[in-house]
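Treat the numbers as computed from the prediction; the structure is a model and nothing was measured. We number each residue from 1, following the sequence as shown.
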Amino acid sequence: MCCNGYSKHVHAKPTNKETSAGGEPAHIDETLVATPIPDGYWLNQFPFLTTAGVIPDLIGYGLGYEGKPASVKLFENPKNTGFGLPIFLCGMILISLRSSGWKVTEIQSLEYPVGMVYADLTGNGYNDVIITDRYGPSMNDLWDANTNNGGRIQWLRNPGQRSDALPFWTASHIGNSTSMHSIAVGHFTRQDVWEVMGFPIIRASRDLTSPAPIILYTPQYGPSKADGPVSWDNQVIFPSQFRLIHDVKLVPGGNEGYDMIVVAGREGIATLWFDRGLARWEHAIVGQGLPHNPASGNPYWGSGSVDICKAGADSVGYIATCEGFHGNIVSVYLKNTGAPTGPESLKSGSFWRRHVIDDYGPLTADHTGTIHNVTTISTGASTEPFGIACMGVRESLLSNNQGVYMYTPTDLLTGMFKKTTVTRESASRLAVAGFDHPNKKDIASITYYVPNYHTGPDPPNVRINVLNDFPPITATKLDKEVLIRLPRPSVVPPGTTPALSMISFAGKRLSLIVIPPLGSVQLSANRDAVKVIYGKLCSVKMTSRDVDIVRGIAPPAKVAETTGLSADGIVTANENGAIVLRVEMLGNEFQGPFRIMSEVAIANVFPNDTNVEPAVREMSFPFLKVDTLPWASSGLFNDFEFYNMTGFHLYFNDDSLEEICHMQAWTLGIGETARFHNHSDKSFCEIHYCLSNGAGQGGMRYFPDSYPQTPEAELHIQQNELQKTFVNDNSELLVVPTMFEHGPLWMVQPGTEATPKLRPNDTVNYPWHAWLSSGFGDFTIPILPPLPESEQAYDVWLAFEFPPSAFQY
């Protein structure tokens with residue numbers, strides 16, 4: 001709309017212009033900042049304070065539409081709202097803790113806002129917002145500056161505190177020019193004040209031919225700078241040189257300590273600067289971008305977005321751009337032999353040559369492409385990659401027509417780049433900053449979602465993708481199960497917690513989280529629980545015992561304990577890190593007791609992530625009646641209300657191929673038994689985790705370790721195990737309440753807490769044991785006809801099968 005005329009770990013397949021040589025991150029995590037949002041267009045990192053090293057918030061908004069102004073939102077980084085007093089855990093001091101998530105505050109409501117920047121205009125140490133609005137519904141219907149207050153630039157005063165209880169940030173006028181689109185703020189001619197440069201995109205509605213002016217606004221202050229500018233002088237510095245400028249980038253200090261500007265528009269890529277010696281503005285065309293082809297009928301040539309990337313010691317190593325205006329071409333400008341280093345090279349086109357590295361296919365009938373924004377990604381690499389934001393187009397012939405893609409140079413001399421998919425979700429703009437740590441650079445993006453122009457298939461959102469140099473969490477289909485591979489906690493950087501949502505059922509969503517050594521993750525104390533599947537958690541009063549404890553992969557032997565959280569909801573790993581299963585109670589879903597199996601149905605919630613195989617996202621996870629399964633063909637389970645869902649194989653994502661565990665789910669109707677067994681044919685250590693204890697008394701029954709395990713004993717049990725008296729006389733009941741798990745039931749080696757005894761065939765030596773539901777013995781089994789809904793209450797639990805090596809303690 002603002003331009004054309006109407007208002008979701010990850011490696012790409014190399015093209016003939018790409019190489020698979022190294023350089024790209026091994027894994028990309030995604031965090032949702034806000035979803036859904038009403039519309040989406042602009043996103044900017046926003047340091048609330050001017051203090052160096054501050055972790056930024058985000059400001060984002062859509063364009064709005066007729067009758068519905070846009071809501072300009074401050075997305076408050078939990079790093080900035082979650083600092084607290086030091087908390088002692090595991091003998092360590094944790095200084096900074098994240099709050100429950102990003103907080104959204106509406107700071108203004110504007111009609112058709114487009115571009116924004118920020119600067120401290122009052123000198124109080126808080127950055128203010130400088131923003132354009134009143135653009136108009138489209139390039140064909142612009143709001144005139146003289147007759148309709150169109151093309152306005154305002155600044156919004158930062159109130160100095162984050163609070164949704166405050167009124168809108170106070171707006172003050174800077175200037176107007178029809179179709180005001182992009183803006184920049186810097187020190188272009190003076191160092192004592194912030195100057196604002198405005199870039200209208202065209203001169204008048206539908207006029208793609210006439211040049212549009214570039215205007216410099218200089219603030220004038222009264223007696224107190226703290227009151228902000230009282231007026232703004234304006235000067236047209238380029239009246240007739242440029243058309244269709246769609247993007248501008250600041251080159252700080254590039255002009256002998258003063259700032260320069262690089263723009264992308266119909267003239268291609270151009271550099272603007274003020275020559276202090278000659279006391280006049282200068283410009284240079286660095287590259288012409290997409291050549292004009294009159295025969296094509298395409299009115300959009302040149303460049304659509306641009307940024308500068310360093311290469312080694314050269315701060316201006318190469319130029320990244322997309323072509324033309326909302327185009328489909330990704331190009332770079334590479335330096336010719338003998339070109340100067342640094343910003344000086346931007347003052348002449350003779351130093352540069354154009355090189356096309358990617359093409360997103362043909363344009364639509366109205367000459368629209370998908371690429372909307374180009375941004376340098378400062379990863380800390382000696383040669384910086386860049387990213388593009390692709391909004392997607394309705395008539396796309398390519399499956400990768402929308403999303404965020406990163407291009408990493410592998411050989412600048414020959415123009416070879418590695419392409420990496422960051423997310424496949426529609427993106428309008430990128431904001432690159434250290435949102436979790438000032439020394440890290442993450443990629444934030446916002447969905448391009450403009451009603452009446454392009455809305456795409458997905459609900460609009462704001463998300464952050466984190467670049468990580470460690471193996472990803474991957475999910476692949478393995479027959480009827482899923483193979484999930486996870487990074488070891490020891491290789492995950494501090495401040496990073498990779499996560500993967502899997503399934504939801506029984507009113508709960510299950511997700512895996514990898515926590516690095518001494519790392520923390522903020523969960524909900526009231527809704528969440530965690531099951532440790534690797535390593536240990538170190539926290540305060542996280543179990544039923546009112547003492548400081550370390551929670552490992554299981555409670556003590558033959559004990560059931562809660563997996564709930566402490567009052568603050570913070571989960572912290574010990575010095576070796578941990579992997580946990582997050583069990584999240586979904587507030588809008590029924591929590592049981594479950595009367596019919598359809599209430600327990602499993603939903604696939606694996607994300608649309610390139611580390612998740614598409615076949616996994618297409619899988620269903622049905623509960624199958626046990627008497628239909630091949631291993632239950634003996635008839636022992638005929639007509640039992642006993643169901644199984646299998647399952648998930650969890651392994652480390654490295655060369656060791658080390659198994660973490662296997663996970664599957666079970667349900668059992670009231671008054672029934674899963675029948676006694678002793679795992680004499682497979683070697684694993686099994687822990688059960690209860691998601692819903694139907695009538696409150698379901699749990700594990702186990703025989704004494706001394707009870708015989710001969711074939712005769714097994715036959716005797718099978719002949720009598722449906723009788724309440726026999727079961728009560730020969731076994732102990734360990735009730736496992738909802739959100740509880742139990743400890744080892746296997747025979748434990750003397751002098752250890754959990755190390756299993758092994759049989760001669762190397763299987764773990766178990767006593768006879770089984771899950772029995774509430775009311776066992778009150779009915780003749782099998783229960784025929786099945787109990788009516790009013791009397792049924794299914795137990796629902798997870799079974800974790802660990803290798804014996806996990807319990808060597």
Side-chain angles (χ1 to χ4, degrees), residues 9-28 249 251 262 264 268-269 286-291 303-323 327-346 348-361 371 373-390 398 400 403-422 430 432 441 443 465 467-472 610:
H9 313 159
V10 196
H11 302 287
K13 296 179 180 178
T15 69
N16 61 345
K17 296 192 175 65
E18 298 170 314
T19 174
S20 59
E24 80 283 1
H27 178 49
I28 297 173
K249 293 294 166 60
V251 184
V262 175
I269 298 170
V286 175
Q288 293 185 350
L290 183 71
S303 296
S305 185
V306 65
D307 212 345
I308 310 299
C309 305
K310 76 172 184 178
D314 189 352
S315 62
V316 184
Y318 71 97
I319 301 169
T321 182
C322 61
E323 303 167 339
N328 273 347
I329 303 295
V330 182
S331 295
V332 293
Y333 282 82
L334 307 175
K335 281 188 173 177
N336 295 321
T337 302
T341 61
E344 193 65 24
S345 63
L346 295 171
S348 173
S350 65
F351 301 135
W352 300 92
R353 67 186 188 277
R354 176 176 177 257
H355 182 72
V356 176
I357 64 170
D358 211 349
D359 186 338
Y360 281 75
I371 311 172
N373 181 231
V374 172
T375 302
T376 300
I377 300 173
S378 302
T379 61
S382 59
T383 298
E384 292 176 325
F386 67 94
I388 65 171
C390 295
L398 301 178
N400 65 343
V404 176
Y405 301 92
M406 183 170 68
Y407 294 85
T408 303
T410 58
D411 187 346
L412 275 182
L413 291 177
T414 59
M416 299 296 288
F417 285 73
K418 172 65 181 180
K419 179 179 176 181
T420 303
T421 303
V422 176
L430 309 181
V432 178
K441 291 296 180 282
I443 305 171
N465 294 98
L467 309 180
N468 297 310
D469 293 317
F470 58 86
T610 52

Those residues that, when tested against K335, pass salt bridge (Lys or Arg N to Asp or Glu O under 4.0 Å) (two or more places apart): D314
Is it true that a side-chain atom of N336 and a backbone atom of S350 form a donor plus acceptor pair closer than 3.5 Å? yes
Atom pair CG/NZ of D358 and K419 - distance to nearest 0.5 Å: 4.0 Å
Just by distance, do the side chain of T376 and the backbone of S378 share a donor-acceptor pair under 3.5 Å? no
Is it true that E323 and S331 share a donor-acceptor pair across their side chains at a distance under 3.5 Å? yes
Nearest-0.5 Å distance that lies between atom CG in D307 and atom CZ in F386: 10.0 Å
With rounding to the nearest 0.5 Å, note down the distance linking CZ in F417 to OG1 in T410. 8.0 Å
Please check: side-chain N/O of W352 versus main-chain N/O of S345, any donor-acceptor pairing under 3.5 Å? yes
Rounded to the nearest 0.5 angstrom, the CD1-OG1 distance for I308 and T375 is 12.0 Å
Derivation and outcome, side chain to side chain contact (heavy atoms under 4.5 Å, CB included), residues L290 and R354: CA-CA 10 Å; L290 183 71; R354 176 176 177 257; 4.2 Å; yes
Roughly how far, to the nearest 0.5 Å, is OG1 of T408 from CD of E384? 11.0 Å
Separation of N328 CG from C390 SG (nearest 0.5 Å): 8.0 Å
Taking only residues two or more places apart in sequence, or in another chain, which ones meet T383 in a side chain to side chain donor-acceptor pair (under 3.5 Å)? none
For residues A320 and C309, report the shortest heavy-atom separation together with the two atoms involved. CB-SG, 4.3 Å
In terms of the angle between their ring planes, are Y360 and Y405 parallel, tilted or perpendicular, with boundaries placed at 30° and 60°? tilted
Hey, does the side chain of Y333 reach the backbone of F351 with a donor-acceptor pair shorter than 3.5 angstrom? no
Given 3.5 Å as the limit, does a donor-acceptor pair link the side chain of S305 with the main chain of N373, or not? no
Could you check I269 against I319 for side chain to side chain contact (heavy atoms under 4.5 Å, CB included), going step by step and ending with a plain yes or no? CA-CA 9 Å; I269 298 170; I319 301 169; 3.9 Å; yes
Could you tell me which residues satisfy side chain to side chain donor-acceptor pair (under 3.5 Å) with T337, sequence neighbours excluded, listed by chain and number? none
Check the pair I443, L430 against side chain to side chain contact (heavy atoms under 4.5 Å, CB included), reporting the backbone distance first and the verdict last. CA-CA 6 Å; I443 305 171; L430 309 181; 4.2 Å; yes
